[in-house]
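See below for the structure under consideration.
Every heavy atom of this structure was used, including side-chain atoms; hydrogens, water molecules and symmetry mates were not. Keep in mind it's a predicted model, so treat the numbers as computed, not measured.
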Amino acid sequence: QVQLVESGGGLVQAGGSLRLSCAASGRTFSSYAMGWFRQAPGKERDFVATISWSGRNTYYADSVKGRFTISRDNAKNTVYLQMNSLKPEDTAVYYCAAVSTYSGGSLYYRQGEYPYWGQGTQVTVSS
């Protein structure tokens with residue numbers, strides 16, 4: 001099993017940047033594909049980005065492509081989400097999630113594929 005703790009959220013003006021971190025417990029972090037999801041007030045939780053456990057492959061929602069970058073440091077058991085050119089519509093609670101996989105290149109973008117979730121971190125973008 002793995003436990004996830006997000007950090008790095010906060011209040012930022014439109015056009016600004018934030019970097020979210022997700023620290024994972026457990027010795028086998030490198031065998032987990034990771035994802036970021038977000039949930040805006042009154043809306044369903046949506047996919048944002050995912051990274052394979054090898055770090056070689058990534059995939060993004062169209063709404064964040066070109067602005068957000070997902071990365072990981074397996075030595076530090078941490079996955080990151082660098083968010084640039086933030087917009088008010090990026091305001092949401094951001095969650096990281098993990099799924100164990102034997103495939104170093106596999107990506108997962110459906111919420112139901114992830115059994116492990118963090119508690120979330122709030123990102124608010126003011127206009």
Side-chain angles (χ1 to χ4, degrees):
Q1 290 197 359
V2 63
Q3 293 184 330
L4 306 171
V5 179
E6 302 97 334
S7 62
L11 174 64
V12 63
Q13 289 188 333
S17 298
L18 281 175
R19 188 176 80 156
L20 305 183
S21 299
C22 174
S25 64
R27 297 176 297 174
T28 58
F29 175 73
S30 59
S31 65
Y32 286 84
M34 302 296 294
W36 285 97
F37 294 77
R38 67 186 181 185
Q39 187 168 21
K43 296 188 177 181
E44 295 184 348
R45 189 160 57 185
D46 291 329
F47 166 76
V48 174
T50 181
I51 187 167
S52 61
W53 67 247
S54 68
R56 289 196 304 268
N57 298 330
T58 58
Y59 180 71
Y60 298 90
D62 287 343
S63 58
V64 306
K65 201 172 296 182
R67 300 188 298 123
F68 290 11
T69 302
I70 189 171
S71 62
R72 65 189 297 159
D73 185 339
N74 287 343
K76 295 183 178 180
N77 283 11
T78 302
V79 63
Y80 305 97
L81 186 68
Q82 178 67 43
M83 305 186 294
N84 299 329
S85 302
L86 282 161
K87 305 175 182 180
E89 51 264 43
D90 294 318
T91 294
V93 177
Y94 283 71
Y95 299 89
C96 71
V99 54
S100 179
T101 175
Y102 292 107
S103 171
S106 293
L107 297 171
Y108 303 85
Y109 57 92
R110 297 184 180 90
Q111 294 185 56
E113 296 176 302
Y114 287 90
Y116 305 110
W117 291 82
Q119 83 290 347
T121 186
Q122 176 70 46
V123 172
T124 303
V125 185
S126 63
S127 57

Check this for me: does any side-chain nitrogen of one of K87 and D90 sit under 4.0 Å from a carboxylate oxygen of the other? no
Are any non-hydrogen side-chain atoms of V64 and R38 less than 4.5 angstrom apart? yes
Would a 4.5 Å heavy-atom cut-off, applied to side chains only, mark L81 and T69 as touching? no
Assess R45 against W117: is NZ or CZ under 6.0 Å from the centre of the six-membered ring, and within 45 degrees of the ring's axis? yes
Closest heavy-atom contact between [X] and [Y]?
X: V5; Y: Q119; value: CA-OE1, 3.7 Å
X: G9; Y: T121; value: N-OG1, 3.2 Å
X: L18; Y: L86; value: N-CD1, 3.9 Å
X: V125; Y: T91; value: N-OG1, 2.9 Å
X: V93; Y: G120; value: CG1-CA, 3.8 Å
X: M34; Y: R72; value: CG-NH1, 3.7 Å

Is there a side chain to side chain contact (heavy atoms under 4.5 Å, CB included) between V12 and T124 once you walk through the steps? CA-CA 6 Å; V12 63; T124 303; over 6 Å; no
Quick check against the 3.5 Å criterion: does [X] have a side-chain atom that pairs as donor or acceptor with the backbone of [Y]?
X: S103; Y: T101; value: no
X: N74; Y: S54; value: no
X: S25; Y: Q3; value: yes
X: W36; Y: T50; value: no

By side-chain contact (heavy atoms from CB on, under 4.5 Å) - contacts of N57 (at least two apart): S52, L107
Looking at residues at least two apart in the chain, or sitting in another chain, which of them share a side-chain contact (heavy atoms from CB on, under 4.5 Å) with S71? Y80
State whether a side-chain donor-acceptor pair under 3.5 Å links Y102 with S31. no
Say whether [X] and [Y] are linked into one hydrophobic cluster, either directly or through other cluster members, by side-chain heavy-atom distances under 4.5 angstrom.
X: F37; Y: L20; value: no
X: I51; Y: W53; value: no
X: V123; Y: Y60; value: yes

Tell me whether the rings of Y94 and F68 are parallel (<30°), tilted (30 to 60°) or perpendicular (>60°). tilted
Centroid separation F47 to Y59 less than 6.0 Å: yes
Let me know which of Y32, Y109, Y95, Y108 forms a side chain to side chain contact (heavy atoms under 4.5 Å, CB included) with Y114. Y108
Going through the checks in order, is the side chain to side chain contact (heavy atoms under 4.5 Å, CB included) test met by S17 and Q82? CA-CA 7 Å; S17 298; Q82 178 67 43; 4.0 Å; yes
Euclidean distance, [Y] [atom2] relative to [X] [atom1], rounded to 0.5 Å:
X: S85; Y: R67; atom1: OG; atom2: CZ; answer: 7.0 Å
X: K43; Y: E89; atom1: NZ; atom2: CD; answer: 8.5 Å
X: S21; Y: E6; atom1: OG; atom2: CD; answer: 10.5 Å

